[in-house]
Amino acid sequence: MWTRLFILVNYVSWTILFVALLVFHKAQPEFDTLFDRFYQLNLRTHWDKDFVRYFVYTAGLGLGASAFGLGLAIFRARRRTDHKIPIRVLGGLYLILLVLAWILL
């Protein structure tokens, strides 16, 4: 039972990371290309504050899921050789994403 819960938390955490990266992509300014200049299209040159806010929410949710998974891994680990690396990597990624969002706001 604990193993299934741990695997589920891992999947949820990776899914939240994927969603957070998609929201980050929508929040960033649009880049100028040859076609944009040729057709004289108006581009958004600033960060979209609404999507940045959603990004902070998804990154915070992912950090919470990662911390829950890490706590579950520590609770369940019986041997020194039990691996907790993937959930630590996700936690580190979420912290980096939150710091990046904090800098952008």
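Under the 4.5 angstrom side-chain criterion for Ile, Leu, Val, Met, Phe, Trp and Tyr, the cluster partners of F18 are L22.
Taking all atoms of both residues into account, the shortest heavy-atom contact from L98 to G60 is CD2-N, 3.9 Å. Residues F51 and A27 approach most closely at CB-CB, 3.5 Å, considering heavy atoms. Closest approach of S13 to G62, counting heavy atoms only: OG-O, 4.1 Å.
In R4, the CZ atom is not crowded: 12 or fewer heavy atoms of neighbouring residues, nucleotides or ligands sit closer than 6.0 Å.
Each of I96 and L21 belongs to its own hydrophobic cluster when Ile, Leu, Val, Met, Phe, Trp and Tyr are linked at side-chain heavy-atom distances under 4.5 angstrom. Linking Ile, Leu, Val, Met, Phe, Trp and Tyr whenever their side-chain heavy atoms come within less than 4.5 Å puts L95 and L97 in one cluster.
A distance-only check finds a donor-acceptor pair linking the side chain of T15 to the backbone of Y11 [under 3.5 Å]. R44 contributes a side-chain N or O that, together with a main-chain N or O of Q28, makes up a donor-acceptor pair within less than 3.5 Å.
Looking at D36 and T33, their side chains do bring a donor and an acceptor atom within 3.5 Å of each other.
Atom CG in L63 sits 11.5 Å away from atom CG in L17 (nearest 0.5 Å). Taking CG from L61 and OG from S66, the interatomic distance works out to 11.0 Å, rounded to the nearest 0.5 Å. A distance of 11.0 Å separates CZ of F35 from CG of L41, quoted to the nearest 0.5 Å.
Applying the ring pair (Phe, Tyr, Trp, His ring centres under 6.0 Å) rule to F24 yields the partners W47, F55; only residues at least two apart in sequence or on another chain are considered.
Residues E30 and T45 form no side-chain contact, since every pair of their non-hydrogen atoms from C-beta on lies 4.5 Å or further apart.
A salt bridge is defined here as a Lys NZ or Arg NE, NH1 or NH2 lying under 4.0 Å from an Asp or Glu carboxylate O, and K26 with D48 fails to meet this definition.
Aromatic ring pairs are classed by plane angle as parallel below 30°, tilted from 30° to 60° and perpendicular above 60°; the pair Y57 and Y54 is tilted.
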